[in-house]
Amino acid sequence: MLSGLARDGGLYVPETIPKFTKAEMIALRGRPYHDVAFAVCSKFTVGSIPARELKRMIAEAYATFDHPAVLPLKQLEANQFLLELFHGPTLAFKDVAMQLLSRMMDWSLARHNRRAVIVGATSGDTGGAAVSAFEHSQNATLFILHPHGRVSDVQRRQMTTVKSKSIFNIAVEGNFDDCQAIVKALFNDLAFRDGVGLAGVNSINWGRIMAQIVYYFYAGLALGAPDREISFCVPSANFGNMFAGLVAKRMGLSVDKFIVATNSNDILDRTLKTGRYEVTGVHPTISPSMDIQVSSNFERLVYLANKRDTSAVRAAMGSLAQSGSFTLKSPALKAICSEFDSGATSEVETSAMMAKAWAGMGELLDPHSAVGLHVALQHKLKSPLITLATAHPAKFPDAVHNATGQNARLPSRLSHLLTAPESFTIVPNSVAAVKEFILSNDKR
Ligand SMILES: *Cc1c(COP(=O)(O)O)cnc(C)c1O
């Protein structure tokens, strides 16, 4: 959790995945979200975080959500359901994990009498969720890089209107790839990394995956698991959200199918259909939080599908670095295809889905959730299918208005956003400049 990425560049995966018995799962059915969160997370944290501390962190993290069910589950049609993950402070599903991660990090740092500098790059949702989560951090200072002038107003203001001594917004004179390259360079500078206690909160942080496992259980149990199989459709980019579902299944949740939904940045859909993972260019879409070139968490699936054979992962990642692609071999590919289906949604289909959901179901969907539902409706399964709704429609008002004619309203607790004063620093597109900014502002 504190180091994020291993020093050899690999991603962490638990040595063993804990299991639930059927009786344990049945006992959780109908329990509040907090209880399910404690049951799931404590399987991983037992022996490192005391139960009462974990309970406190969970209670505080989900008190920031403004729906009584925390994550409400809605029925849309006979076998189609929507799980709304966007009732947190920044209106995207990133809040679910980030609010808990910040509290776990703060507690661990305090216990080891350490401080951390957290650096992250954002093209939109991650930055706001991190700023909100670390606003009150005692032991971490957060530096978030965003491409200057290239994020939406709501997204930028969610980062820059938070007044806190532990938050610094860096507007880099470059694009998102430049921001990410700077962050990567900082992590590869081992002297700097060790000197400031560099930590990361992007979607490869295992702490985030753990917190996301919870809602697969919560929603699955509500629809009759473990006595019945449930399917999930997930609007995906870095594959963190979907991978959490796979871990839930490995922990004992009865899952029929996982369906990966992408926009026209379809590397995951292509890989699942052909076995070839190949990087192409990024196309900007109306679901920008899914506009990615590489899907970093896919590495974890490659690892599990190859039965934890690290040499297979090393070969795939080496090939990716060398040539921008790798090919999954037969037993691993077959294993993956037995559990996952996929689909890609075009821009026209995304807008049409938003219009149809509004006119036919009375649901105002954001474009990311619409990508998911479009793919879900093409799959007629025998099991109940839960689509994860990953953002609030008010976070993407233009796309929603263009498709439905509706004005998605920001919840009143966010109405200050558009007028509050902003604070950010414009920094040249250079590793040295960002490094210097961090060193001169990380007061301890
Ligand atoms: C981050 C994000 C996604 C993609 O999630 P991954 O875990 O990266 O697959 C989908 N929708 C929204 C709104 C997001 O912010």
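In this chain, numbering begins with 1 at the start of the sequence shown. Read the numbers this way: they start at 1 and go in the same order the structure lists the ligands and their atoms.
- Remark: ligand 1 and Phe93 share no N or O pair separated by less than 3.5 Å (distance only, no angle test).
- The backbone and the side chain of Thr390 each have at least one atom closer than 4.0 Å to an atom of ligand 1 (non-hydrogen atoms only).
- Checked for salt-bridge contact, Glu363 and Lys74 meet the test: a charged N lies under 4.0 Å from a carboxylate O.
- Listed by atom number, the atoms of ligand 1 under 4.0 Å from Asn241 heavy atoms are 7 (O).
- A distance-only check finds a donor-acceptor pair linking the side chain of Ser254 to the backbone of Arg228 [under 3.5 Å].
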Which is it for Arg193 and Asp189 under the salt bridge (charged side-chain N to carboxylate O under 4.0 Å, His left out) test, yes or no, and what are the steps along the way?
CA-CA 6 Å; Arg193 178 173 173 166; Asp189 181 339; over 6 Å; no
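- Considering only non-hydrogen protein atoms, atom 9 (O) of ligand 1 sits nearest to Ala237 N, 2.8 Å.
- Side-chain polar atoms of Arg300 and Asn297 form a donor-acceptor pair below 3.5 angstrom.
- Listed by number with element, the atoms of ligand 1 under 4.0 Å from a non-hydrogen atom of Met290 are 10 (C).
- Side chain of Gln75 to main chain of Glu77: a donor-acceptor pair is present (N/O by atom type, distance under 3.5 Å, no hydrogens or angles).
- The pair Arg157-Asp153 does not count as a salt bridge, with every side-chain nitrogen at least 4.0 angstrom from each carboxylate oxygen.
- Annotation: cation-pi pair Lys43/Phe20 present, NZ/CZ under 6.0 Å from the ring centroid and within 45° of its normal.
- Set against the non-hydrogen atoms of Ala391, the atoms of ligand 1 under 4.0 Å away are 13 (C).
- Taking a cut-off of under 4.0 Å to the non-hydrogen atoms of Gly240, the atoms of ligand 1 that pass are 6 (P), 7 (O), 9 (O).
- Between Pro235 and ligand 1, not a single N/O pair is under 3.5 Å apart.
- Here the two rings, on His368 and Phe396, have centers that are under 6.0 Å apart.
- For a threshold of 3.5 Å applied to N or O pairs, the pair formed by Asp125 and ligand 1 contains at least one separation below that value.
- Near Asn238, the atoms of ligand 1 lying under 4.0 angstrom from a non-hydrogen atom of the residue are 6 (P), 8 (O), 9 (O).
- The pair Asp66-Arg413 meets the salt-bridge criterion, since a charged nitrogen lies less than 4.0 angstrom from a carboxylate oxygen.
- Regarding atom 14 (C) of ligand 1, its nearest protein heavy-atom neighbour is Lys94 NZ, 2.9 Å.
- In terms of polar-atom proximity, Asp366 is not counted as a contact of ligand 1, lacking any N or O under 3.5 Å from an N or O of the ligand.
- The Phe239 neighbourhood of ligand 1 comprises atoms 6 (P), 8 (O), 9 (O), with distances under 4.0 Å to a heavy atom of that residue.
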